[in-house]
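Residue numbering restarts at 1 for every chain, and letters A, B, ... go by the order of the sequence lines. Quick note: numbers below take in every heavy atom, side chains included, and nothing from hydrogens, waters or symmetry partners.
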There are 2 protein chains.
Amino acid sequence: MDNDITVLLRSRGFKVTPQRLAIYEVLYNSKEHPSAEMIFSRLQSVYPTMSLATVYKTIEILREIGLVQILNAGEDSFRYDANTDNHPHIRCLICGRVDDLEGVDSHHFINMIAKQTDYKITGQQFYFYGICPECQQKSN
Amino acid sequence: MDNDITVLLRSRGFKVTPQRLAIYEVLYNSKEHPSAEMIFSRLQSVYPTMSLATVYKTIEILREIGLVQILNAGEDSFRYDANTDNHPHIRCLICGRVDDLEGVDSHHFINMIAKQTDYKITGQQFYFYGICPECQQKSN
DNA sequence: GACTTTTCGGAAAATTATTATCCGCTAGTT
DNA sequence: AACTAGCGGATAATAATTTTCCGAAAAGTC
Ligand SMILES: [Mn+2]
Ligand SMILES: [Mn+2]
Ligand SMILES: [Zn+2]
Ligand SMILES: [Zn+2]
């Protein structure tokens with residue numbers, strides 16, 4: 001994985017830097033769809049001088065080379081995901097966590113839509129919201 | 001319709017003003033899911049002194065009383081819709097227009113998701129992107 | 001390894017959609 | 001007509017993201 005990103009960056013004319021590797025590693029090892037701020041603070045101890053702008057600039061490069069996707073879960077900031085497969089997400093309206101919706105096959109639904117529109121569909125995002133298991137328990 | 005909103009506003013303790021009626025009317029008579037800025041400039045000629053802040057404040061009230069829904073089509077600003085049914089939207093990546101996807105039945109898909117997650121689902125947004133018929137023609 | 005070129009990271013300022021504040025004014029009630 | 005809670009407009013504030021600028025670091029060349 002560390003090799004994948006190194007090769008990819010270089011082949012696309014981007015330099016390989018510790019910051020870029022570190023930011024990707026946070027995303028790659030996380031299932032919580034961190035925001036720029038979350039990535040930034042997670043790396044504070046390792047890279048105390050890192051700028052938030054570096055996080056944003058790096059994410060844009062990672063998106064460009066196809067290593068991350070940008071999620072808009074209806075919050076005031078974006079979330080980022082190293083899983084670039086198009087998969088649906090769900091956000092808890094109480095604690096704010098954003099999770100994957102596992103094991104969902106959207107193909108049938110998407111094909112149905114494609115047949116009913118004159119648009120040429122190139123992508124889609126499905127966002128659900130609700131209450132996560134933990135928050136359901138707490139409210140009982 | 002003009003009566004509906006008047007009654008609704010008053011019954012919820014909001015005053016009925018020309019600006020509020022005008023903003024709702026723009027949304028009600030539009031199929032293009034205008035942003036705050038679009039609503040604002042459409043009303044410039046009729047209400048030259050209207051503030052953009054008034055548009056935002058009014059939209060929030062309209063949302064609160066259930067007359068509009070807020071759409072996040074992945075742009076840098078929100079879109080607003082007087083059709084408060086939960087229905088999918090599609091945005092053209094070339095010209096930027098946001099359209100309804102008509103005649104789509106999402107119930108089966110949503111029920112399938114609901115069965116596969118431990119979340120209690122309370123809502124969802126389906127957002128597609130692609131190329132609209134007009135832009136497809138132009139690129140030929 | 002030294003030299004050169006190109007791109008980068010960090011700090012700071014800029015941008016921009018949206019929200020908050022403040023105050024004279026208006027809608028709705030009596 | 002008078003009263004008052006809520007409003008509209010101007011303006012400032014907020015906050016996520018983007019841009020700018022420059023010394024520094026990475027990759028290519030010898
Ligand atoms: Mn995900
Ligand atoms: Mn719509
Ligand atoms: Zn929760
Ligand atoms: Zn188009």
Side-chain angles (χ1 to χ4, degrees), chain A residues 2-3 5-24 26 33-41 43-65 68-80 96 98, chain B residues 2-3 5-24 26 33-41 43-65 68-80 96 98:
Chain A
D2 220 48
N3 193 50
I5 177 176
T6 296
V7 171
L8 249 174
L9 281 171
R10 224 164 253 152
S11 73
R12 298 287 295 270
F14 296 110
K15 291 187 173 169
V16 177
T17 68
Q19 289 92 337
R20 287 175 181 175
L21 298 177
I23 289 166
Y24 181 63
V26 168
H33 310 92
S35 64
E37 190 69 46
M38 289 161 80
I39 297 170
F40 174 70
S41 56
L43 290 173
Q44 275 287 297
S45 50
V46 197
Y47 295 93
T49 68
M50 178 183 282
S51 165
L52 195 52
T54 298
V55 176
Y56 281 110
K57 285 189 267 199
T58 297
I59 287 168
E60 169 53 23
I61 289 172
L62 294 176
R63 186 201 59 74
E64 199 177 328
I65 64 182
V68 310
Q69 67 170 313
I70 299 178
L71 307 180
N72 187 336
E75 299 168 296
D76 48 6
S77 56
F78 294 109
R79 302 271 193 150
Y80 306 97
V98 175
Chain B
D2 220 49
N3 193 50
I5 178 177
T6 296
V7 171
L8 248 175
L9 281 171
R10 225 163 252 152
S11 73
R12 299 286 296 270
F14 296 110
K15 290 189 172 167
V16 178
T17 68
Q19 290 92 337
R20 287 175 182 177
L21 297 177
I23 289 167
Y24 181 62
V26 168
H33 309 92
S35 64
E37 191 68 45
M38 291 161 81
I39 297 169
F40 175 70
S41 55
L43 290 173
Q44 275 286 297
S45 49
V46 198
Y47 296 92
T49 67
M50 178 183 282
S51 165
L52 194 54
T54 298
V55 176
Y56 281 109
K57 284 188 269 198
T58 297
I59 288 168
E60 169 54 22
I61 290 171
L62 294 175
R63 186 201 60 73
E64 198 177 329
I65 65 181
V68 310
Q69 66 169 314
I70 300 178
L71 307 180
N72 188 335
E75 299 167 297
D76 49 6
S77 56
F78 294 110
R79 303 269 193 152
Y80 306 98
V98 175

Peer 1: Can you name the nearest heavy-atom pair linking B:His33 to B:Arg79, along with the distance?
Peer 2: O-CD, 2.8 Å

Peer 1: Quickly work out the A:Glu60 CD to C:dG9 C1' distance and round it to whole Å.
Peer 2: 17 Å

Peer 1: How close do A:Ala22 and A:Tyr47 get, counting heavy atoms only, and between which atoms?
Peer 2: CB-CE1, 3.6 Å

Peer 1: Roughly, in whole Å, what's the span from OH in A:Tyr56 to P in C:dA11?
Peer 2: 16 Å

Peer 1: What's the OH-P distance between B:Tyr47 and C:dC25, to the nearest Å?
Peer 2: 19 Å

Peer 1: For C:dG9 and A:Arg20 - does any side-chain N or O of the residue sit under 4.0 Å from the phosphate oxygens OP1/OP2?
Peer 2: yes

Peer 1: Let me test you: for the helix from C:dG1-D:dC30 to C:dT30-D:dA1, what is the angle between the axes at its two ends (five pairs each), rounded to 10 degrees?
Peer 2: 30°

Peer 1: Is B:Thr17 near enough to D:dG8 that one of its side-chain N or O atoms lies under 4.0 angstrom from OP1 or OP2?
Peer 2: yes

Peer 1: Classify the side chain of B:Lys15 and the base of D:dA5 as holding, or not holding, a donor-acceptor pair under 3.5 Å.
Peer 2: yes

Peer 1: Mind checking whether B:Ile70 and B:Tyr80 have side chains closer than 4.5 Å, heavy atoms only?
Peer 2: yes

Peer 1: In whole angstroms, how far is the P atom of D:dT17 from the CD atom of A:Glu75?
Peer 2: 10 Å

Peer 1: Is any side-chain heavy atom of B:Ile5 closer than 4.5 Å to a side-chain heavy atom of B:Leu62?
Peer 2: yes

Peer 1: Nearest 0.5 angstrom please: A:Asn72 CG to B:Glu75 CD, how far?
Peer 2: 10.5 Å

Peer 1: Taking only side-chain nitrogens and oxygens of B:Arg10, does any of them come within less than 4.0 Å of OP1 or OP2 of C:dA27?
Peer 2: no

Peer 1: Of the options D:dA26, D:dA16, C:dT18, whose atoms approach the side-chain atoms of B:Phe78 most closely?
Peer 2: C:dT18

Peer 1: May I ask you to decide whether A:Arg63 forms a salt bridge with A:Glu60, counting only side-chain N to carboxylate O separations under 4.0 Å?
Peer 2: yes

Peer 1: Please tell me if B:Thr49 has a side-chain N or O lying less than 4.0 Å from either OP1 or OP2 of D:dG9.
Peer 2: yes

Peer 1: Between A:Ile61 (CD1) and D:dT18 (P), how many Å, whole number?
Peer 2: 13 Å

Peer 1: By nearest heavy atom, map A:Ser51 and B:Phe14 onto DNA chain C; which one lands nearer the 5' end?
Peer 2: A:Ser51

Peer 1: Can you check whether B:Ile39 reaches B:Thr58 side chain to side chain, under 4.5 Å on heavy atoms?
Peer 2: no

Peer 1: Expressed as a whole number of angstroms, how long is the span from A:Gln19:CD to C:dA11:P?
Peer 2: 11 Å

Peer 1: Whole angstrom is fine here: how far is it from NZ in B:Lys57 over to P in D:dG9?
Peer 2: 9 Å

Peer 1: In whole Å, what is the span from the CZ atom of B:Arg79 to the P atom of C:dT18?
Peer 2: 11 Å

Peer 1: Can you tell me which nucleotide in D:dA26, C:dT18, C:dG10 comes closest to the side chain of A:Pro18?
Peer 2: D:dA26

